[in-house]
2 protein chains.
Amino acid sequence: MADLLSVAKLAGVSRATAARAFSSPELVRPETRHKVLEAAHRLAFRPNNVARQLRAQTTKMIGVMVPSLDNPVFAEQLQAMEVAARASGYSLIVTTSEYDASRESEIVEEMLRQRVDGLVLTIADADRSEVLAKLHREVCPYLLVYNQPEAADIPTIGVDNRAAVAEATRHLIALGHHRIGMVAGSLLQSDRARLRYEGYRQAMCDHGLTPRPLIEMPRHTQAELACLEPELSGHDGLTAVICTNDLLAISLIGELQRSGRSVPGDLSVMGFDGINLGHCLYPSLSTVEQPRVEIGRSAVQILLAMIRGETPQPLPLPHALREGESVGAPPTSRQVLVTRNPQRNTP
Amino acid sequence: MADLLSVAKLAGVSRATAARAFSSPELVRPETRHKVLEAAHRLAFRPNNVARQLRAQTTKMIGVMVPSLDNPVFAEQLQAMEVAARASGYSLIVTTSEYDASRESEIVEEMLRQRVDGLVLTIADADRSEVLAKLHREVCPYLLVYNQPEAADIPTIGVDNRAAVAEATRHLIALGHHRIGMVAGSLLQSDRARLRYEGYRQAMCDHGLTPRPLIEMPRHTQAELACLEPELSGHDGLTAVICTNDLLAISLIGELQRSGRSVPGDLSVMGFDGINLGHCLYPSLSTVEQPRVEIGRSAVQILLAMIRGETPQPLPLPHALREGESVGAPPTSRQVLVTRNPQRNTP
DNA sequence: CGCCCTCATGAGATCGATCTCATCGATCGT
DNA sequence: ACGATCGATGAGATCGATCTCATGAGGGCG
């Protein structure tokens with residue numbers, strides 16, 4: 001590949017002038033510029049970004065780490081980030097951590113070596129993370145996404161998970177549900193999971209209802225009906241569940257239907273995330289929507305501001321309760337049973 | 001950030017030795033190495049990959065361009081690529097083209113400037129693409145994914161779209177369907193779309209059935225029932241449709257159910273891609289599965305081989321007909337109508 | 001007419017690591 | 001004991017573009 005020097009020679013100018021013809025054309029006489037571009041064309045020259053980055057001490061690259069791309073909530077956010085970054089002349093280096101702490105650490109280390117201008121991370125648990133400790137000592141701007149650390153000085157963007165699930169729970173209660181469960185994937189060691197359960201617990205208690213223990217599924221994004229079945233029957237069987245993510249909710253609905261149950265007839269199911277696909281299903285998914293596109297777009301904007309040396313205040317973004325067809329009133333046959341329940345809430 | 005020279009000074013060795021302590025530790029006496037690492041630690045030194053890349057003339061980066069990450073078929077492939085690349089010490093620069101030809105061109109140009117070691121691309125239409133023309137003149141190894149160009153000399157990995165849809169069509173025919181339609185998104189200008197329709201047409205003709213015109217939806221991944229409705233009623237109404245992607249199929253099933261129809265009772269629906277979510281739904285999605293993980297993994301392996309200077313022969317990967325619950329026998333009430341149909345195929 | 005300023009360009013240093021080649025002491029073989 | 005070999009290290013060039021500073025031509029103005 002031809003370099004600037006050979007282009008400069010062919011055009012009969014110095015390296016400096018040839019460089020200017022590309023990076024700041026206004027400094028070069030149009031005639032000269034044309035000679036340079038012509039020479040560049042003849043030699044199939046293409047500026048070498050690596051050299052530019054080394055000299056300029058900036059890569060125009062953002063390092064992104066998400067747990068997995070198999071979950072659309074991350075893919076959709078990443079899509080938005082890519083568009084926003086490209087619009088500002090930045091590229092994304094994308095990595096997946098699989099929620100693995102040691103991998104998180106390696107990935108961030110590698111990206112720092114790559115001299116990315118900033119990092120956008122979604123980590124497993126923002127409250128106990130080696131990655132954050134490392135970044136704390138570094139100068140590289142970074143931003144967490146979807147996480148919700150307890151420490152206030154960690155720049156983060158995402159929704160208020162506790163409030164969001166609390167609202168979802170109240171929504172179900174308002175529809176007449178009393179026996180509401182919460183279904184989670186296999187990864188309980190996350191700041192979000194803790195806060196979501198806490199939101200559920202709080203809302204239940206506030207209404208004089210008994211929160212149930214978390215129902216844990218063996219996989220993170222696919223429900224096993226067998227794990228839930230014991231909770232469904234009997235006089236205190238659940239009439240509604242909140243799932244910690246949409247994939248879990250969707251697969252749970254599928255399993256319930258396959259077992260001959262009706263959603264929301266026999267069980268109301270609420271998701272969390274608001275992935276696009278939820279709209280399209282029948283029954284459509286009731287869910288707590290995280291504004292994935294807005295989150296992705298803002299993440300890039302805020303990070304770029306940090307890179308420019310500003311100190312923007314990342315606001316928590318609003319969640320939205322999106323009502324779909326997977327949630328309805330509790331079954332009436334069951335509602336009779338409610339009266340046998342300790343909590344005697346008038347129907 | 002400290003550089004190698006300051007580390008070398010602190011450790012009392014030359015720059016060369018300090019560099020060796022990192023990149024080829026076996027060449028350095030253990031005692032010396034420890035001194036260097038100790039000094040590096042004290043100075044919070046981190047090797048600068050940009051400088052290394054410039055000197056070594058290799059970035060260990062792969063440029064990836066997919067149409068969109070909102071479709072899990074790409075996200076799932078990308079997930080597999082990321083894992084495979086990382087395992088071989090490579091990073092991914094990820095971009096999305098939105099099927100926009102000019103964007104495709106810009107993106108590839110930018111990645112070439114970035115001196116990626118290779119490119120993995122999914123382009124809109126491999127048979128008329130400026131990008132391919134450009135790459136043809138370049139030395140950068142590249143590989144198409146999911147595309148199926150007519151030209152034989154373009155390295156590509158993916159399934160045989162024509163054969164895949166033909167097989168799906170035959171499957172429906174074998175179940176007794178005669179009036180089968182094909183539903184596509186709004187982007188017909190793609191090599192895959194053409195071949196998929198061609199496979200459908202061929203299979204229909206081979207069985208003496210009349211292929212229908214493509215039913216085009218206004219959006220690429222979401223079905224509008226109104227576009228399909230005219231084809232459903234009447235004495236020659238469809239009993240089965242093949243959708244060009246799973247998202248289209250899934251949303252179509254949702255719309256059909258919402259309108260009170262049963263799938264597959266009233267209409268059998270078959271998808272294409274095999275995204276993970278299809279398994280979980282009820283009815284589960286019958287689809288032509290593209291081995292997305294295998295495709296992603298192989299794409300990286302083959303590209304790395306090309307980077308090493310080998311000339312691997314990318315084989316077309318096998319598709320698989322995945323039978324789900326969204327396809328069944330045609331409704332019997334309709335089957336009576338079949339006899340009024342021009343094609344008289346005995347049941 | 002001469003001074004100063006602007007504009008276009010060139011020379012040379014620089015970003016940070018790596019590669020080649022040279023050097024020097026120690027070990028080995030006969 | 002002496003030349004050969006090996007292992008560890010250092011000096012200096014190099015990757016390709018950009019930045020700073022210097023230079024020189026040309027124009028405006030007193």
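Every chain is numbered from 1, with letters handed out A, B, ... down the list of sequences. Please read all numbers here as calculations on a predicted model, not as lab measurements.
- The only option from V131(A), I62(A), V64(A), L112(A) that meets the side-chain contact (heavy atoms from CB on, under 4.5 Å) definition with L119(A) turns out to be L112(A).
- Protein atom NZ of K9(B) is 20 Å distant from nucleotide atom P of dT9(D), rounded to whole Å.
- Between D3(B) atom CG and dT18(C) atom C1' the separation is 14 Å, expressed in whole Å.
- Within the 4.5 Å cutoff, the side chain of N161(B) has no heavy atoms near those of the Y146(B) side chain.
- Taking atom CG of L5(B) as the reference point, atom P of dA11(D) lies 11 Å away to the nearest angstrom.
- In this model, the phosphate group of dG10(D) is not approached by any side-chain N or O of R15(B) to a distance below 4.0 Å at OP1 or OP2.
- Of the residues in residues 108-116 of chain B, not one comes within less than 4.0 Å of DNA chain C through any heavy atom.
- Spacing between atom CD of Q53(A) and atom P of dC15(D) amounts to 19 Å, rounded to whole angstrom units.
- The nearest whole Å value for the distance from the CD atom in E31(A) to the C1' atom in dT9(C) is 13 Å.
- With rounding to whole Å, L43(B) atom CG is found 12 Å from dA17(C) atom P.
- Side-chain atoms of T96(A) and F74(A), non-hydrogen and from C-beta on, never get closer than 4.5 Å to each other.
- Look at T17(B) and you won't find any side-chain N or O under 4.0 angstrom from OP1 or OP2 of dT9(D).
- Side-chain contact between K134(B) and E109(B): present, with at least one pair of heavy atoms (C-beta onward) separated by less than 4.5 Å.
- Residue contacts shown for V50(B) are absent, as no nucleic acid heavy atom lies under 4.0 Å away.
- Two end axes, each from the C1' atoms of five base pairs, can be drawn for the helix from dC1(C)-dG30(D) to dT30(C)-dA1(D); they diverge by 40°, to 10 degrees.
- By the 30° and 60° cut-offs, the orientation of the rings of F22(B) relative to F45(B) is tilted.
- For R29(A), the side-chain atoms get nearest to dT9(C) when compared with the rest of dC15(D), dT9(C), dA17(C).
- In this model, the phosphate group of dA17(D) is not approached by any side-chain N or O of S23(A) to a distance below 4.0 Å at OP1 or OP2.
- Comparing N49(A) and A16(B) by the nucleotide of DNA chain D that holds the closest heavy atom to each, the one mapping nearer the 5' end is A16(B).
- Note: R128(A) CZ to L132(A) CG = 12.0 Å, rounded to the nearest 0.5 Å.
- Note that CD of Q79(A) and CG of N71(B) are 10.5 Å apart. Values are rounded to the nearest 0.5 Å.
- For R55(B) and dT14(D), a side-chain-to-base donor-acceptor distance below 3.5 Å is present, hydrogens and geometry of angles not being considered.
- Atoms CE and CD, from M65(B) and E106(B) in turn, are 11.0 Å apart once rounded to the nearest 0.5 Å.
- Note: CZ (R20(A)) to C1' (dT18(D)) measures 9 Å, nearest angstrom.
- Taking the side chain of A51(A) as heavy atoms from C-beta on, and the options dG16(D), dA8(C), dG10(D), the nearest nucleotide is dG16(D).
- Taking only side-chain atoms of N48(A), from C-beta outward, the nucleotide of dT9(C), dA17(D), dA17(C) with the closest atom is dA17(D).
- Contact annotation: the side chain of L303(B) never approaches that of V300(B) to less than 4.5 Å [non-hydrogen atoms, C-beta and beyond].
- Proximity of Q57(B) to the phosphate of dG16(D): a side-chain N or O atom is located under 4.0 Å from OP1 or OP2.
- A 4.5 Å side-chain heavy-atom check between V94(A) and E82(A) finds every atom pair outside the cut-off.
- The side chain of L54(A) sits closest to dG16(D) out of dG16(D), dC19(C), dG10(C).
- Look at CZ on R46(A): it is 15 Å from C1' on dG16(D), rounded to the nearest Å.
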message = The test is side-chain hydrogen bond (donor to acceptor under 3.5 Å, both in side chains); show your working for D3(A) and S6(A) and say whether it passes.
response = CA-CA 6 Å; D3(A) 66 348; S6(A) 42; 2.9 Å; yes
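- Residue A56(A) is out of contact with every strand shown, counting any heavy-atom pair closer than 4.0 Å.
- Nearest to the side chain of V13(B), among dT18(D), dG10(D), dA17(C), sits dG10(D).
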